[in-house]
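Data block below; observations after.
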Amino acid sequence: MEIFHLHRLFLVLVFVLGLGLPCFRAFGLLPVRSTYIVHLDKSQMPAHFQNPTEWHDHTLNAISVSPDQKIYSYETVTDGFAARLTAAEASQVHDLHGVIGVLPELRYKLSTTRTPEFLGLDKISALLPESDSVSKVVVGVLDSGVWPESKSFDDTGLGPVPSGWRGQCESGPAPRGFLDMDKPTNFTCNRKLIGARFFSEGYEAAIGPIDVSKESKSPRDDDGHGTHTASTAAGSAVEGASLFGYAPGTARGMATRARVAVYKVCWLGGCFGSDILAAMEKAVDDGVNVLSLSLDGGNKTHFYHDSVAIGAFAAVEKGIFVSCPAGNAGPRPYSLSNMAPWIATVGAGTLDRDFPAYVTLGNGKNFSGVSLYSWNFKGTLLPFVYAGNVSNATNGNLCMKGTLDPAKVKGKIVLCDRGVNDRVQKGSVVKLAGGAGMVLANTAADGEDLVVDAHLLPTTAVGEKSGDAIKSYLFSDSNPTATILFEGTKVGIQPSPVVAAFSSRGPNSITPAILKPDMIAPGVNILAGWTGAIGPTGFAVDDRRVAFNIISGTSMSCPHVSGLAALLKAAHPDWSPAAIKSALMTTAYVAYKNGGKLQDVATGKDSTPYDHGAGHVDPVSALSPGLVYDLTVDDYLDFLCGLNFTSSQIKNVALLARTKNHHCDPSKSYSLYDLNYPSFAASFDSTSGRPTTIKYTRTLTNVGAATGTYKASASSDSAALKIAVVPDSLSFSKAGEKKSFTVTVTGSAMPASTNAFGQLEWSDGKQTVRSPMAFSWT
Ligand SMILES: *[C@@H]1O[C@H](CO)[C@@H](O)[C@H](O)[C@H]1NC(C)=O
Ligand SMILES: *[C@@H]1O[C@H](CO)[C@@H](O)[C@H](O)[C@H]1NC(C)=O
Ligand SMILES: *[C@@H]1O[C@H](CO)[C@@H](O)[C@H](O)[C@H]1NC(C)=O
Ligand SMILES: *[C@@H]1O[C@H](CO)[C@@H](O)[C@H](O)[C@H]1NC(C)=O
Ligand SMILES: *[C@@H]1O[C@H](CO)[C@@H](O)[C@H](O)[C@H]1NC(C)=O
Ligand SMILES: *[C@@H]1O[C@H](CO)[C@@H](O)[C@H](O)[C@H]1NC(C)=O
């Protein structure tokens with residue numbers, strides 16, 4: 001088994017530079033310990049050990065490491081343990097009996113009133129009469145914890161917790177040092193929030209003890225992110241919700257009657273792989289049906305090194321649907337996270353809701369922006385300055401801490417450029433310098449992508465074009481003035497959805513044969529529950545407390561899909577995670593009602609499958625997809641064989657491969673293109689100079705009417721692609737019946753960086769089963 005030196009070096013650097021540990025550690029005066037996850041093959045456990053834990057401790061003893069260095073033992077989603085080891089000890093461990101892999105722990109980061117109507121969920125009740133079946137579904141959320149007092153977790157009308165639920169409600173001392181200290185008492189669960197646990201050992205081993213004056217060592221959410229994601233997935237309906245009057249209405253999660261179980265793995269200093277794996281173990285053991293993880297480990301993390309992918313494999317094997325964000329690193333290509341095919345990878349789109357706030361200039365010109373800060377300037381034109389002109393700092397235009405000259409800012413509206421530092425922090429800097437308001441202008445890096453924040457002073461955010469026009473006024477007028485007009489909440493914005501610029505984009509950098517993201521869901525300006533521990537901006541200086549907050553990210557789109565998966569699970573308890581994902585994907589839409597194609601904010605043009613995957617989710621259609629592309633965990637093992645993973649790497653990803661003592665069959669050819677995925681992708685070699693042909697084999701399972709004949713139609717947007725489907729007609733005569741077909745795609749010789757797209761539709765005249773196709777020449 002290989003040790004991944006680069007990652008280890010990176011971890012050490014994170015330690016020293018990022019966490020400010022004493023420098024002498026870096027120079028070897030003391031051994032630097034960091035957390036490794038040691039994967040073991042239990043079938044090789046010597047018989048004289050009573051239980052795996054004893055074996056784990058013995059393994060550490062064998063390299064003269066005290067079992068005190070062990071953080072967790074794992075038995076459900078992997079076999080093995082997490083321990084604090086030096087680099088030398090880590091390489092010794094991997095030579096020991098039964099050890100499959102020794103991998104440095106990774107660090108992960110945390111990447112609604114209107115959404116139910118926007119998604120058509122107000123119509124779903126007719127289609128989903130047995131709402132009781134939803135109350136049997138448990139959505140597990142791994143995040144920053146939960147604020148249990150949030151009304152989104154009110155359990156009115158819910159029956160007893162589902163039988164067989166094995167979760168717990170771990171209490172912990174109430175947090176200290178928060179403003180609203182009368183309220184939060186001990187952490188309690190109810191019939192809505194049926195479980196809550198926290199996992200801090202890996203974090204504390206890496207970072208040091210949790211400072212309970214800053215965050216609570218309990219499942220309580222001191223950040224807000226976890227309360228937001230959990231309430232988005234399955235929050236109860238709360239009437240009269242809003243943020244400062246913005247986005248008013250009834251806030252509700254996607255599956256209002258599903259139960260929520262929260263696993264806190266993210267702390268002020270981040271989320272660590274050993275805690276995530278331990279939380280996934282518990283969630284699987286507790287009996288969740290859906291797992292929602294709004295976390296990402298970046299675009300470089302291969303499956304065998306990724307605790308989320310490893311835990312998800314075991315969860316999927318147990319029939320648990322796992323949903324993760326695509327990441328917020330868009331619009332750059334190859335910016336995706338969470339690319340494993342057994343995970344649902346969700347990008348972000350906008351809603352049809354906006355929060356307009358206009359900048360009117362002294363010359364009478366008027367530019368539209370967005371804002372969540374309601375303020376009435378009564379049309380008064382105030383002196384207006386460019387931050388770059390009222391600062392001595394080289395990057396004065398960015399409104400970094402301490403860079404604005406109060407004498408030149410007081411009482412004025414200040415234009416700050418977006419980028420580098422936090423958007424809300426820029427406003428805080430203007431406010432501290434005595435500014436009256438801020439115009440936050442996008443530069444080329446963000447284009448026309450507008451994201452609202454609960455700023456600390458009257459602010460409007462404008463796109464690049466408006467920002468440039470406003471700046472040319474600022475630079476040419478001798479006495480520039482401006483005012484901001486806040487217009488509240490507007491719904492019915494068209495076109496919507498559009499792909500958010502920040503949403504991470506394909507191609508898939510690990511396995512180009514699998515198109516990612518899988519789909520998009522609402523992730524821009526989403527209203528959902530919030531923590532009572534901190535204000536809506538998350539800044540310590542923000543002493544406002546809100547029950548709901550509006551935030552954006554693929555972290556927000558992921559729990560939308562988790563909640564929808566809970567509804568589908570309730571409607572179709574026998575569907576596998578892959579069938580649920582297929583239903584969501586093949587019924588997703590890629591065009592507006594007027595026929596126009598889904599747009600991308602980043603380009604202002606049509607979006608592609610690298611931006612939106614199969615398209616935007618349409619839950620009502622997903623309830624009856626007609627046909628599904630189903631998959632078993634054995635298919636994923638074949639896929640890993642197709643990736644030429646070593647036996648150890650496969651066993652590292654999949655506990656199943658250990659229990660079955662799985663080996664790839666050298667006489668068999670494993671094609672990545674035969675994974676029965678609901679989309680089609682590949683990368684062509686641009687240097688080959690001749691056409692390349694790829695053959696995909698797929699199988700459809702009839703989950704619709706007992707009998708029917710589906711006809712194929714394939715199309716592409718490029719003469720460089722030729723697509724043939726054989727047979728082009730599939731007749732089904734009973735429910736559950738499976739039929740196979742092949743798709744042959746020939747890509748002409750094209751220069752590198754060419755992309756071409758297509759789609760395959762199977763239709764019986766009523767149901768359309770649509771798959772996207774995406775090809776890139778590299
Ligand atoms: C919280 O729990 C602690 C210990 O479990 C207990 O002593 C205390 O009385 C509880 N406080 C409230 C307000 O319930
Ligand atoms: C991953 O993202 C980095 C920037 O964060 C980028 O430079 C790199 O090209 C991406 N990786 C791949 C494999 O494309
Ligand atoms: C600015 O323009 C918008 C629409 O373009 C309009 O609704 C608004 O009233 C205008 N504001 C002013 C102050 O002219
Ligand atoms: C303000 O800054 C801009 C851009 O840096 C510059 O072009 C302009 O001359 C400055 N104006 C003043 C009055 O300094
Ligand atoms: C900026 O420069 C001026 C003089 O050029 C000086 O008076 C002022 O203190 C400087 N401000 C900051 C924030 O350094
Ligand atoms: C796996 O190895 C085979 C044989 O060397 C090769 O043809 C194939 O391209 C490899 N697949 C991948 C995904 O690297």
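Hydrogens, waters and symmetry mates play no part in the numbers below; they use all other heavy atoms, side chains included. In each ligand, atom 1 is the first atom listed, and ligand 1 is the first ligand listed.
- Scanning all protein heavy atoms for the shortest distance to atom 9 (O) of ligand 4 gives N389 ND2, 4.9 Å.
- Ring centroid separation for the pair Y677 and Y696 does not come in under the 6.0 Å cut-off.
- Taking atom 4 (C) of ligand 4 as the reference point, the nearest protein heavy-atom neighbour is F475 CZ, 3.5 Å.
- Comparing heavy-atom distances from atom 3 (C) of ligand 6 across L672, T511, N644 singles out N644 as nearest.
- Separation of the W342 and F639 ring centroids does not fall under the 6.0 Å cut-off.
- As summarised for C664 and C641, their two SG atoms come within a distance smaller than 2.5 angstrom, satisfying the threshold.
- Within a 4.0 Å radius of atom 13 (C) of ligand 4, the protein contributes no non-hydrogen atoms.
- Side-chain contact between F367 and L361 is present, with heavy atoms from C-beta onward closer than 4.5 Å.
- Distances from ligand 6 to the non-hydrogen atoms of A513 include no value under 4.0 Å.
- The shortest N or O to N or O distance between Y386 and ligand 4 is not below 3.5 Å.
- A parallel orientation is assigned to the rings of F684 and F775, their planes being inclined by less than 30° (bins at 30° and 60°).
- Annotation for ligand 6: atoms under 4.0 Å from non-hydrogen atoms of G642 are 11 (N), 13 (C).
- Ring-plane geometry between Y304 and H302 is classed as parallel, the angle between the planes falling under 30 degrees on a 0 to 90 degree scale with a further cut at 60.
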